[in-house]
Amino acid sequence: MSQSVCILGVTGSIGQSTLKILEQHPEEYSVFAVTAHSRIVELVEICKQYRPKVVVVPAYKVDELQQFLARENLNDIEILQGEAGLIEVASLPEVDVVMAAIVGAAGLLPTLAAVKAGKRVLLANKEALVMSGDLMMQAVHDYKATLLPVDSEHNAIFQCLPEGYFQAERNGQPKMGVSRVLLTASGGPFLNHTLEQLEMVTPAQACKHPKWSMGQKISVDSATLMNKGLELIEACHLFAISEHFVTVVVHPQSIIHSMVQYVDGSTLAQMGNPDMCTPIAHALAWPKRIQTHVPPLDLFTHTHLNFQEPDTTRFPALKLARQAMQAGGLAPAILNAANEIAVAAFLNNQIGFTQIPNIVEATLNQLENNAADSVEVILQADCSARSIAQQLVMS
């Protein structure tokens, strides 16, 4: 029986890759709802091809979308708007699978809504879990949702864990013979830059990732290694382990996507070409496997795989994220919010590249770290952190 899919963030790189997979398997999946933020022309093309029943855009984009859809005789598509619309489509009874691919804190409430509706949630929005980790994972348990990681690293770890791992107690300890998780990082485009060179980095350079095709925000996060820091926090919540059981390994080739070590000395690695269609297809069909257009890995062309420790002196964002996870409470949400403001300021040429972690650290130091015991408290901390970070950008 065909499964109905809702794609939150359909015009982004993850949304586009998801459509590629769905297109390959039209008998098994159909597009029921899609959401977009600003790329209305691309959204209309998607509507023409996939004919979703519902579309969500911001309130100020509704008129523009209606005009485009009317021109294409697509008046039967229902348009919802804003955050309320996102929450509604993520929990519609007709939807079986939700791809959570909205970038940043904006993805938190719709992702949580999908979880509370008991959906199969494919999590590409790491920020939602960074902000509300314990609450989100408790909701997954309480509402019997299925949360599957789409980030290539977390999907790799998921594939390397033993069957039944997620039924074990969530107590921060590795279980079922697992001893450690090795989270790989490409190192980004500035892996070998000196501190002096990093100070001169431009937004265009930071957005040019050597291995992955990604949006601007995640590309900058990859360049600062904040992306790896956010992934470290996400891994702790997904796999119910304390941060000291997660080791970040810089692996520039991006062929091994992450590894799991076991108490018997074994290390299992998931390998593949760097293409997001592989983890998306895995999460979509799990526990089955479905075909993708991604070519199999040719080991004869990848004769050298390198590994090194990350340098947290040149890339302090990774250290800040680990410290935020150690601190717990609202610290990860504050870290994430401050980083979003700092990255946006860098992309707007308001601050330099090396000032991004400085603003994050200063914001963390200015805000009190309380318990993250409700979504309201988390969103308030997010708002306060943005305000402080914005003041720091302007000062």
Side-chain angles (χ1 to χ4, degrees), residues 8-9 12 37 58 82-83 86-87 100-112 123-136 151 206 215-234 236-237 243 315-348 350-351 353-395:
L8 303 174
H37 188 256
E83 193 173 74
L86 293 174
I87 291 168
I102 294 173
V103 176
L108 171 58
L109 290 178
T111 303
L112 194 55
L123 187 69
N125 171 285
K126 63 179 67 67
E127 292 89 348
L129 201 53
V130 167
M131 293 171 70
S132 70
D134 291 338
L135 280 177
M136 183 78 74
D151 263 349
Q216 285 192 316
K217 195 265 180 183
I218 191 173
S219 295
V220 175
D221 282 348
S222 181
T224 63
L225 288 198
M226 180 60 87
N227 189 49
K228 208 50 51 180
L230 297 176
E231 288 179 2
L232 183 150
I233 296 170
E234 185 183 5
C236 293
H237 290 300
E243 55 78 30
F315 301 101
L318 180 56
K319 182 169 62 177
L320 290 174
R322 191 179 284 277
Q323 289 169 347
M325 187 63 208
Q326 286 170 341
L330 293 169
I334 294 166
L335 170 102
N336 179 69
N339 180 63
E340 285 192 28
I341 294 297
V343 169
F346 168 67
L347 289 169
N348 288 331
Q350 293 173 279
I351 63 170
F353 182 77
T354 55
Q355 288 176 275
I356 295 172
N358 295 345
I359 285 170
V360 173
E361 184 171 22
T363 306
L364 280 162
N365 290 337
Q366 284 194 39
L367 270 175
E368 194 175 342
N369 182 25
N370 297 314
D373 49 13
S374 74
V375 174
E376 292 74 24
V377 168
I378 291 166
L379 291 175
Q380 181 56 54
D382 175 84
C383 187
S384 300
R386 286 171 193 275
S387 177
I388 288 171
Q390 194 64 59
Q391 289 167 26
L392 291 164
V393 165
M394 304 309 290
S395 62

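Worth saying up front: this structure is predicted, and the values here are computed from it rather than measured. Numbering of residues begins at 1 and proceeds along the displayed sequence.
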So, does [X] use its side chain to make a donor-acceptor pair with the main chain of [Y] at under 3.5 Å?
| X | Y | answer |
| --- | --- | --- |
| Thr363 | Ile359 | yes |
| Asp134 | Ala372 | no |
| Asp382 | Ala337 | no |

For the residue pair [X] and [Y], establish whether any side-chain heavy-atom pair is separated by less than 4.5 Å.
| X | Y | value |
| --- | --- | --- |
| Gln323 | Leu335 | no |
| Glu127 | Lys217 | yes |
| Val343 | Asn339 | yes |
| Gln366 | Leu392 | yes |
| Leu123 | Glu234 | yes |
| Glu361 | Pro316 | no |
| Leu347 | Val220 | yes |
| Asp151 | Glu231 | yes |

How long is the span from the [atom1] atom in [X] to the [atom2] atom in [Y], to the nearest 0.5 Å?
| X | Y | atom1 | atom2 | answer |
| --- | --- | --- | --- | --- |
| Ser387 | Ile341 | OG | CD1 | 9.0 Å |
| Leu108 | Leu86 | CG | CG | 12.0 Å |
| Leu230 | Leu318 | CG | CG | 10.0 Å |
| Thr224 | Phe353 | OG1 | CZ | 5.5 Å |
| Ile378 | Asn370 | CD1 | CG | 12.0 Å |
| Met131 | Leu109 | CE | CG | 8.0 Å |

For residues [X] and [Y], report the shortest heavy-atom separation together with the two atoms involved.
| X | Y | result |
| --- | --- | --- |
| Gly328 | Asn369 | O-ND2, 3.1 Å |
| Phe346 | Ala206 | CE2-CB, 3.7 Å |
| Pro332 | Ile233 | CB-CD1, 4.1 Å |
| Ser132 | Ala128 | OG-O, 2.9 Å |
| Met136 | Leu112 | SD-CD1, 3.7 Å |
| Ile102 | Pro110 | CD1-CG, 4.3 Å |

Please determine, by modelled atom types, if Glu340 and Asn336 share a side-chain donor-acceptor pair under 3.5 angstrom.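 Yes - a donor-acceptor pair under 3.5 Å links their side chains.
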Would you say Ser395 and Gln391 are linked by a side-chain donor-acceptor pair, where the criterion is simply a distance under 3.5 Å?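 No donor-acceptor contact under 3.5 Å links the two side chains.
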Between Arg322 and Glu243, does any NZ, NE, NH1 or NH2 come within less than 4.0 Å of an OD or OE carboxylate oxygen?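 Looking at Glu243 and Arg322, the cut-off is met.
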